Amino acid sequence: MSKRITIIGGGNLGIAIAEGLIQSKFIKPSHLLVTRRNITALKAVEEMGVMVTSDNKEAVEYADIIILAVKPFQVEAILSDIKDHLNPEKQVLCSVVTGVTSQTILEKIGKKMPVVRAMPNTAIAIRESMTCINADHINDEQLFYMMSLFEQLGKVVVIDESLMDAATVLGACGTAFAMRFIRANIQGGIEIGFDAKTASLIASQTIKGAAQ
């Protein structure tokens, strides 16, 4: 697709999103820009053809879609920095920041614009995320695009924003519980005589089959 995307925050989540969108061929690397204070940490994606910068204002003005992928404590300062460079008529602002509501974002930027709140989980790193999204002030075309974007990274469901905290527990924290259970099964398999590789295969495929 021809839209230009900026990811503010080139940490683990931001990089996983960038790499997933490139691997799925959803976007050309040259249409993607990632920001980070220390841009030397973005060398790997830069070598893929992605543009990188430490200037959030410049990055916002470049994009049609802005994905905010920073730590919760950084949100207020970053929104204050970029708010005058946002264009509500042409852009969509998407947050993947835990615990920050759409209302908070709109209050911080001081203007009405399309805002999407998305909650992926750690499986986004292998394009198998379960992402829950909610949107405000958005039209059908914009919502379809944002759903298509996150569908490149796994499964997507639209939910009421009041359920976002519950989605974090079920979809994000749930991953940790599932992995804990799998690890216990592997350890049990080893204790009853299997080698580690075989025990891992049996436990993992059993859980995958149960999920299906």
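We number each residue from 1, following the sequence as shown. What you see is a predicted model; the values in this text were computed from it and never measured. Hydrogens, waters and symmetry mates are skipped; everything else that's a heavy atom, side chains included, is used.
For the residue pair S54 and I39, the shortest heavy atom distance occurs at N-CG2, 3.6 Å. When all heavy atoms of A203 and I182 are compared, the closest pair comes out as CB-O, 4.1 Å. For A167 against C132, the heavy-atom pair with the smallest separation is CB-SG, 3.7 Å. Residues G10 and R36 share a closest heavy-atom pair of O-NH1, 2.8 Å. What you find for S129 and T131 is that their closest heavy atoms are OG-OG1, 2.9 Å. Across all non-hydrogen atoms, the minimal contact from I7 to A69 is CG2-CB, 4.2 Å.
V96 and V50 fall within a single hydrophobic cluster, where Ile, Leu, Val, Met, Phe, Trp and Tyr are joined by side-chain heavy atoms under 4.5 Å apart, directly or via other members. The cluster map of Ile, Leu, Val, Met, Phe, Trp and Tyr, joined by side-chain heavy atoms under 4.5 Å apart, puts V52 and I65 in the same cluster. Residue I8 is grouped with residue V75 when hydrophobic side chains (ILVMFWY) are merged at heavy-atom distances under 4.5 angstrom, including chains of intermediate members. Placement of L149 and M147 within a single hydrophobic cluster is found when ILVMFWY residues are connected by side-chain heavy-atom separations under 4.5 Å, directly or transitively. I126 and L153 sit in two unconnected hydrophobic clusters of ILVMFWY residues. Membership requires side-chain heavy atoms under 4.5 Å apart, directly or through other members.
You'll find the side chain of V97 stays beyond 4.5 Å of the side chain of I105, heavy atoms only. Using a 4.5 Å cut-off on side-chain heavy atoms (C-beta onward), L42 and T35 make no contact. In this structure, the side chains of N56 and I78 come closer than 4.5 Å at one or more pairs of heavy atoms. Between K108 and E76, some side-chain heavy-atom pair lies under the 4.5 Å cut-off. For the pair V116 and L93, the minimum side-chain heavy-atom distance is 4.5 Å or more. At least one side-chain heavy atom of T101 sits less than 4.5 Å from a side-chain heavy atom of E161. Taking 4.5 Å as the limit, every side-chain heavy atom of N185 sits out of range of all side-chain heavy atoms of T206. At least one side-chain heavy atom of R127 sits less than 4.5 Å from a side-chain heavy atom of Q23.
To the nearest 0.5 Å, the span separating CD on E58 from CG on L33 amounts to 7.0 Å. Note that NZ of K111 and CG of N87 are 8.0 Å apart. Values are rounded to the nearest 0.5 Å. Here Q74 contributes atom CD and L79 contributes atom CG; the two are 11.0 Å apart, rounded to the nearest 0.5 Å. For the atom pair F150 CZ and I17 CD1, the distance stands at 5.0 Å (nearest 0.5 Å). Rounding to the nearest 0.5 angstrom, the gap separating the OG1 atom in T122 from the CG atom in L13 is 10.0 Å. I124 contributes atom CD1, which lies 11.0 Å from atom CD of E19 (distance to the nearest 0.5 angstrom).
A donor-acceptor pair is defined here as one N or O able to donate and one able to accept, closer than 3.5 Å; such a pair exists between the side chain of N134 and the backbone of I159. Put simply, the side chain of R4 never gets that close to the backbone of A63: no donor and acceptor are under 3.5 Å apart. Side-chain atoms of D136 never come within 3.5 Å of backbone atoms of V115 as a donor-acceptor pair (strictly under, hydrogens ignored). Checking side-chain atoms of R117 against main-chain N and O of V100 turns up a donor-acceptor pair under 3.5 Å. Of the possible polar contacts, one joining the N121 side chain to the G171 backbone as a donor-acceptor pair under 3.5 Å is found. Using modelled atom types, one side-chain atom of Q142 and one backbone atom of N139 make a donor-acceptor pair closer than 3.5 Å. Checking side-chain atoms of Q91 against main-chain N and O of V60 turns up a donor-acceptor pair under 3.5 Å. Using modelled atom types, one side-chain atom of S204 and one backbone atom of S200 make a donor-acceptor pair closer than 3.5 Å.
Heavy atoms of other residues, nucleotides or ligands lying less than 6.0 angstrom from CG of D140 number 12 at most. For K155, the NZ atom sits in a loose shell: 12 or fewer heavy atoms of surrounding residues, nucleotides or ligands are nearer than 6.0 Å. For M48, the CE atom is densely surrounded, since the number of other residues' heavy atoms within 6.0 Å is greater than 12. At most 12 heavy atoms of other shown residues, nucleotides or ligands fall within 6.0 angstrom of atom CD in E141.
Judged by distance alone, the side chains of D55 and T53 never bring a donor and an acceptor atom under 3.5 Å apart. Side-chain contact check for T198 and D195: at least one donor-acceptor pair (N or O, by modelled atom type) lies under 3.5 Å.
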*Take M51 and Y62 through the side-chain contact (heavy atoms from CB on, under 4.5 Å) test and state the conclusion after the steps.*
CA-CA 11 Å; M51 293 182 291; Y62 165 81; 3.1 Å; yes
*Take D81 and K57 through the test salt bridge (charged side-chain N to carboxylate O under 4.0 Å, His left out) and record every step on the way to the result.*
CA-CA 7 Å; D81 189 43; K57 297 174 184 176; 3.5 Å; yes
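Cluster note: F73 groups with no other residue, as no ILVMFWY side-chain heavy atom lies under 4.5 Å from it.
Between F26 and Y145, the distance from one ring center to the other falls under 6.0 angstrom.
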